[in-house]
Amino acid sequence: MPVAIYAWLRHPNDVVAAVTECVRCGGDTDSVAAIAGVDGIPRELLDRLFEWPRTPEWIAAFGERSQTKDVPLIASALRNLVLLAIVLAHGLRRMLPPY
């Protein structure tokens with residue numbers, strides 16, 4: 001996330017430059033670049049997207065539908081606590097023998 005924010009702050013009006021900078025950093029480039037370039041993708045890049053049978057319009061509509069809205073705060077907090085417990089348990093288990 002820090003790389004995406006840095007790239008966006010450095011290139012606030014140039015999505016291509018921000019995404020390119022994220023990719024050049026290496027690591028989990030697809031996720032970081034997607035975060036940095038989530039809005040304002042130039043049409044010429046979308047026109048070159050080949051994700052048949054999904055179109056850029058279908059992908060955008062899917063993203064809009066799958067955003068969680070009006071989720072009760074207590075439900076979100078409970079879900080996050082359960083996931084935190086799972087992640088911590090997994091990490092602690094990996095520290096025990098056999099490695």
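The cluster map of Ile, Leu, Val, Met, Phe, Trp and Tyr, joined by side-chain heavy atoms under 4.5 Å apart, puts Y6 and V15 in different clusters.
Here R93 pairs with L96, P98 under the side-chain contact (heavy atoms from CB on, under 4.5 Å) rule; sequence neighbours left out. Applying the salt bridge (Lys or Arg N to Asp or Glu O under 4.0 Å) criterion to E44, with sequence neighbours excluded, gives no partner residue. With sequence neighbours excluded, the residues that form a salt bridge (Lys or Arg N to Asp or Glu O under 4.0 Å) with R54 are E51.
In this structure, the separation between SG on C22 and CH2 on W8 is 12.5 Å, given to the nearest 0.5 Å. Taking CG of L73 as the reference point, atom CG of L78 lies at 11.0 Å (rounded to 0.5 Å).
Among pairs with a residue in residues 7-18, those fulfilling salt bridge (Lys or Arg N to Asp or Glu O under 4.0 Å) read R10-E21, at least two apart in sequence or across chains.
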